[in-house]
Enquirer: 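Submitted below is the structure of interest, expressed as structure tokens.
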Amino acid sequence: MTIRVIIVDDQAMVRAGFAALLSAQADIDVVGEAPDGRQGVQVSRSTHPDVVLMDVRMPEMDGLTAAREILDPPPGVVHRPKVLMLTTFDIDDYVYEALRAGASGFLLKDAPPADVIAAVRVVASGEALLAPSVTRRLIADFVQQRPAPRKDPALRLKGLTPRETEVLELIARGLSNQEIAGHLVLAEQTVKTHIGRVLAKLDLRDRAQAVIFAYEAGLVRPGDSG
């Protein structure tokens, strides 16, 4: 199945580079581009991509606002693609807010070509791009700096079974489904079932939000090793 992608970035050279790289893959089709967030939302609504590569800082509308509009569309708009934020290290605050808004992860603009291709495939498959340890550190840092949400996450944890809590902790430590299965001596399909129940019970959109929730609930502490 072909992965439909749009690229939203105010730099034409960046858009062209990503488009050339991704279009060369047999399973990826670049179906649109936009130079700012506002047009990015429009292109997303008209082309129905599976994945949106979204720059953080752009004129007209920044990537964070555009991601929110795409991921929380108005009534009548049913298409909701995955959003992969494009960023650099100096704007991590925006990345954290994007993850909380429902983005599936972030990618550094100077990432190696193979990483860019892999990231699109990972996000399209429904996984969050959270494997790099730097991502976990960033999330931990920002959770530590921010007040907890109004609904106490620690109370919401009580709705999980001990096994589900264990799975959530391992997700937050950056383990893949396969690694969780090995750690808990479970079938990978069983792990997927547990993850689905965790997301449903906690009303979370994806693994990215699950990681943030685990930190906010105190299940995983900033600085904990994976």
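In what follows, every heavy atom counts, from backbone to side chain, and hydrogens, waters and symmetry copies are set aside. In this chain, residues are counted from 1 in sequence order.
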Enquirer: Between D36 and P59, which heavy-atom pair has the shortest distance, and what is it?
Expert: CB-O, 3.1 Å
Enquirer: Please determine whether a side-chain nitrogen of the Lys or Arg among R121 and D27 lies less than 4.0 Å from a carboxylate oxygen of the Asp or Glu.
Expert: yes
Enquirer: Could you check whether any side-chain N or O of S23 sits under 3.5 Å from a backbone N or O of A19, counting only pairs where one atom can act as donor and the other as acceptor?
Expert: yes
Enquirer: Kindly compute the distance separating CZ (F106) from CG (L84), expressed to the nearest 0.5 Å.
Expert: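 F106 CZ to L84 CG: 10.0 Å, rounded to 0.5 Å.
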Enquirer: Nearest 0.5 angstrom please: R15 CZ to L53 CG, how far?
Expert: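 If I round to the nearest 0.5 Å, the distance is 12.5 Å.
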Enquirer: Taking all heavy atoms of R173 and all of E169, pick out the closest pair and write down the distance.
Expert: NH2-OE2, 2.7 Å
Enquirer: How many angstroms lie between atom CD of E188 and atom CD of E179, to the nearest 0.5 angstrom?
Expert: 10.0 Å
Enquirer: Find the distance between OG1 (T87) and CG (D55) and round it off to the nearest 0.5 Å.
Expert: 7.5 Å
Enquirer: Does any non-hydrogen side-chain atom of M85 lie less than 4.5 Å from one of L107?
Expert: no
Enquirer: So how far is it from N177 CG to I171 CD1, rounded to the nearest 0.5 Å?
Expert: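 Taking CG in N177 and CD1 in I171, the distance rounds to 7.5 Å.
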Enquirer: State, yes or no, whether a side-chain contact exists between D115 and I117 at a heavy-atom distance under 4.5 Å.
Expert: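 The answer is no; the side chains never approach within 4.5 Å.
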Enquirer: State, with a plain yes or no, whether a side-chain heavy atom of R197 is found less than 4.5 Å away from one of L160.
Expert: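 A side-chain contact under 4.5 Å is absent here.
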Enquirer: Are the charged groups of D9 and K109 less than 4.0 angstrom apart, N to O?
Expert: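 Yes, D9 and K109 are salt-bridged.
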Enquirer: What heavy-atom pair brings M54 and A66 nearest, and what distance separates the two atoms?
Expert: CE-CB, 3.6 Å
Enquirer: Using 0.5 Å steps for rounding, measure from the CZ atom of R80 to the CG atom of D72.
Expert: 6.5 Å
